[in-house]
Amino acid sequence: MFHMGWFIGRGFSVQAWNQPWSGTIGVDYMQPDIYIDLVRAMERASFDYLMIEDGSFMPDAYQGTPDWYMRNAYGVPKHDPMPLVPLLAQGSSHLGIIATMTTGFYPPYLAARLGATLDHLTKGRIGLNLVTAHNDRTAQNFGLEQHYEHDLRYEIADEWVQVVDQLWQSWPPDAVVADPETGVYADYRKVHPIDFKGKYFKSRGPLNMPPGPQRRPVICQAGISPAGREFASKHADTIVARARGVESCKRYRDDVRARMVKHGRNPDDCKLMFTITVVLGETMEEAKAKKERANAALFTDLDTRLAQLSFLSAVDFSKFPLDEPLAEVKTNASRGLTQLMTSGTGKSTLREMITDPSSGGLDFVGTPDSVAAEMGEIAQEMGGDGFMITEGVTRRAIAEITDGLAPALKRRGLIPTGYQHKLFRDNLLAF
Ligand SMILES: Cc1cc2nc3c(=O)[nH]c(=O)nc-3n(C[C@H](O)[C@H](O)[C@H](O)COP(=O)(O)O)c2cc1C
């Protein structure tokens, strides 16, 4: 059996803007309705969690202006996912809900307090996707000229997690008495300051509220570089990973598991979820035709992938010649993803790279039953923990995945038919 999740790669934004089947998304994406439809459907499908991407900058790398990004609603608008979390929790009862938070610019005390508050509100179903933020534009919104050097960001993140963890631990489980007989709510002698003094952060503590049912929200990480993997192997309960093909997935997983052992952790305590795309049809021919149409569009719309690469790397990809060999692109932004989508394609010129039909992860095409069978075989082969759907959120995609693919996976016994536990982490670690 494996775990399943859905990664909303666009964040709390205009989902699948200007795509067929996206309804009135341009004017109502900021309401919770479509996300509530999604979590209800995911729960019916017995999926483990939803993960919402986030970032705090106006992208402008492609052609040096925000024009392409604003016209195409890519990376902007982007609303804060945190207030959406309790609304989604009200619309579900067992699904894990992970929202992205940056260790680069979120003060640890506020982060610990927000995480604990959301853990209470969701009754133990919150997770935090900890990212270091990758763009100078983000750094400039928080008072820096440019972002910290790539690996230094992870060093800072490492200390950030230590502070936040200590704050969550500053109230031991028996500190809250809540006994009306004695009139004592909490025993002050048990709650202690943390007096954290590190290289990057200081915090006195304690937290001014007790931690939630999970005590420590589920920690998620989504990074590719060695520094990112090292960070994840120390702290994460789950990793959303992108790797090209089964062999790369295997290598990624072996690497993270070895790093976890080095840090004294049981490698089964972190669930590695690989991103996938799924093109479904009622027949194989229909699914293949759909995929071919999408592949053909890559040749007529070069802008989209060029702008996406510029978004990830903060380098203007409109400046490179399309038909000459592309040298390795150096970036202080998202190094792992930039490499994956350029030299990682194994192609030589930029045009070949951006018209490569692969998503950079695992791609499936077929009927619900044939895709379920293939996912089962791949999971067996790589020994992986699970998969993350990355489809743009439309109600059609929700139905195809949760009412088409998920029942086929259940019929084959590949995913569970319900939830064993109340808390997110317990369900994640159940198998
Ligand atoms: C599947 C996936 C999801 C990601 N989601 C986010 C996100 O929500 N916000 C963000 O700033 N970066 C996100 N990233 C980027 C990474 O977290 C990281 O910031 C970036 O890849 C730079 O680190 P790296 O060089 O270690 O890969 C994501 C990466 C992957 C592979």
Side-chain angles (χ1 to χ4, degrees), residues 5-13 49-59 61 74-76 78-82 84 97-106 127-139 141-142 147-158 160 219-236 238-244 248-249 252 255-256 259 271-277 308-309 311-315 328-344 359-362 386-391:
W6 194 314
F7 170 50
I8 308 189
R10 289 222 167 189
F12 183 3
S13 177
Y49 66 84
L50 174 75
M51 198 265 255
I52 311 169
E53 183 267 6
D54 194 34
S56 294
F57 69 104
M58 169 79 92
Y74 188 94
V76 58
K78 193 161 290 187
H79 297 232
D80 189 332
M82 296 300 171
L84 187 58
I97 303 164
I98 299 185
T100 296
M101 173 183 267
T102 175
T103 57
F105 304 108
Y106 226 104
L128 300 175
N129 174 39
L130 297 183
V131 297
T132 54
H134 50 76
N135 206 283
D136 283 344
R137 290 284 182 252
T138 311
N141 289 334
F142 294 94
H147 206 349
Y148 300 110
E149 189 278 326
H150 181 277
D151 288 8
L152 173 62
R153 300 202 289 259
Y154 282 106
E155 191 183 311
I156 297 171
D158 195 55
W160 187 98
I219 300 298
C220 173
Q221 198 267 353
I224 294 178
S225 64
R229 294 182 194 195
E230 186 65 11
F231 174 77
S233 64
K234 276 196 211 166
H235 305 294
T238 183
I239 300 175
V240 177
R242 180 163 296 169
R244 204 177 271 280
S248 312
C249 290
Y252 196 129
D255 179 59
V256 167
R259 287 176 196 267
K271 302 299 174 194
L272 193 45
M273 310 280 279
F274 287 103
T275 65
I276 62 173
T277 64
Q308 287 171 352
L309 278 169
F311 175 92
L312 292 171
S313 62
V315 172
E328 190 74 43
V329 176
K330 296 219 172 347
T331 173
N332 191 39
S334 188
R335 224 169 256 173
L337 286 173
T338 305
Q339 192 273 336
L340 185 75
M341 300 310 287
T342 53
S343 54
S359 66
L362 300 167
F387 301 100
M388 289 300 279
I389 299 291
T390 56
E391 264 31 70

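Both counts, for ligands and for their atoms, begin at 1 and track the order of listing.
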Original post:
Of the protein's non-hydrogen atoms, which lies at the shortest distance from atom 20 (C) of ligand 1, and what is that distance?
Top reply: Ser334 OG, 3.1 Å

Original post:
Do Thr275 and ligand 1 have an N or O pair less than 3.5 Å apart?
Top reply: no

**OP:** Give a yes or no on whether the backbone of Gly336 and the side-chain of Ser225 come within a donor-acceptor separation of less than 3.5 Å.
**Re:** no

Original post:
What residue and heavy atom of the protein are closest to atom 5 (N) of ligand 1, and at what distance?
Top reply: Phe7 CZ, 3.9 Å

Original post:
Counting heavy atoms only, which part of Asp54 comes closer than 4.0 Å to ligand 1: side chain, backbone, both or neither?
Top reply: backbone

Original post:
Judging by distance only, is a nitrogen or oxygen of His150 under 3.5 angstrom from one on ligand 1?
Top reply: yes

Subject >> Arg335, portion touching ligand 1 at heavy-atom distance under 4.0 Å >> reply: both

Subject >> OG1 on Thr338 to CD on Glu328, rounded to 0.5 Å >> reply: 9.5 Å

Subject >> Atoms in ligand 1 flagged as close to Leu337, the criterion being non-hydrogen separation under 4.0 Å >> reply: 29 (C), 31 (C)

Original post:
What residues, two or more places apart in sequence or in another chain, satisfy side-chain contact (heavy atoms from CB on, under 4.5 Å) together with Pro59?
Top reply: Phe57, Tyr69, Val76, Phe311

**OP:** Could you name the option among Val131, Thr100, Ile224 that has the heavy atom nearest to atom 13 (C) of ligand 1?
**Re:** Val131

Original post:
For Gly336, is at least one N or O under 3.5 Å away from an N or O on ligand 1?
Top reply: yes

Original post:
Which ligand 1 atoms are under 4.0 Å away from a heavy-atom of Ser225?
Top reply: 24 (P), 25 (O), 26 (O), 27 (O)

Original post:
Between Thr331 and Ser313, is there a donor-acceptor pair closer than 3.5 Å when you use the side chain of the first and the backbone of the second?
Top reply: yes

Original post:
Nearest protein heavy atom to atom 23 (O) of ligand 1, by residue and atom, and its distance?
Top reply: Tyr154 OH, 3.0 Å

Original post:
Which residue owns the protein heavy atom closest to atom 1 (C) of ligand 1, what's the atom, and how far is it?
Top reply: Val240 CG1, 3.6 Å

Subject >> For Phe105, all residues meeting ring pair (Phe, Tyr, Trp, His ring centres under 6.0 Å), sequence neighbours excluded >> reply: Phe142, His147

Subject >> Nearest neighbour of atom 28 (C) of ligand 1 from the list Gly360, Ala232, Ala222, on a heavy-atom basis >> reply: Ala222

Original post:
Short question: side chain of Arg242, backbone of Gly361 - any donor-acceptor pair under 3.5 Å?
Top reply: no

Original post:
So between Arg153, Glu53, Arg229, whose heavy atom ends up nearest atom 7 (C) of ligand 1?
Top reply: Glu53

Original post:
Can you tell me how far CZ of Phe12 sits from CG of Leu84, rounded to the nearest 0.5 angstrom?
Top reply: 4.5 Å

Subject >> Atom CZ of Arg244: over 12 foreign heavy atoms under 6.0 Å >> reply: yes

Subject >> Flag, side chain of Trp160 to backbone of Thr102, donor-acceptor distance under 3.5 Å >> reply: no

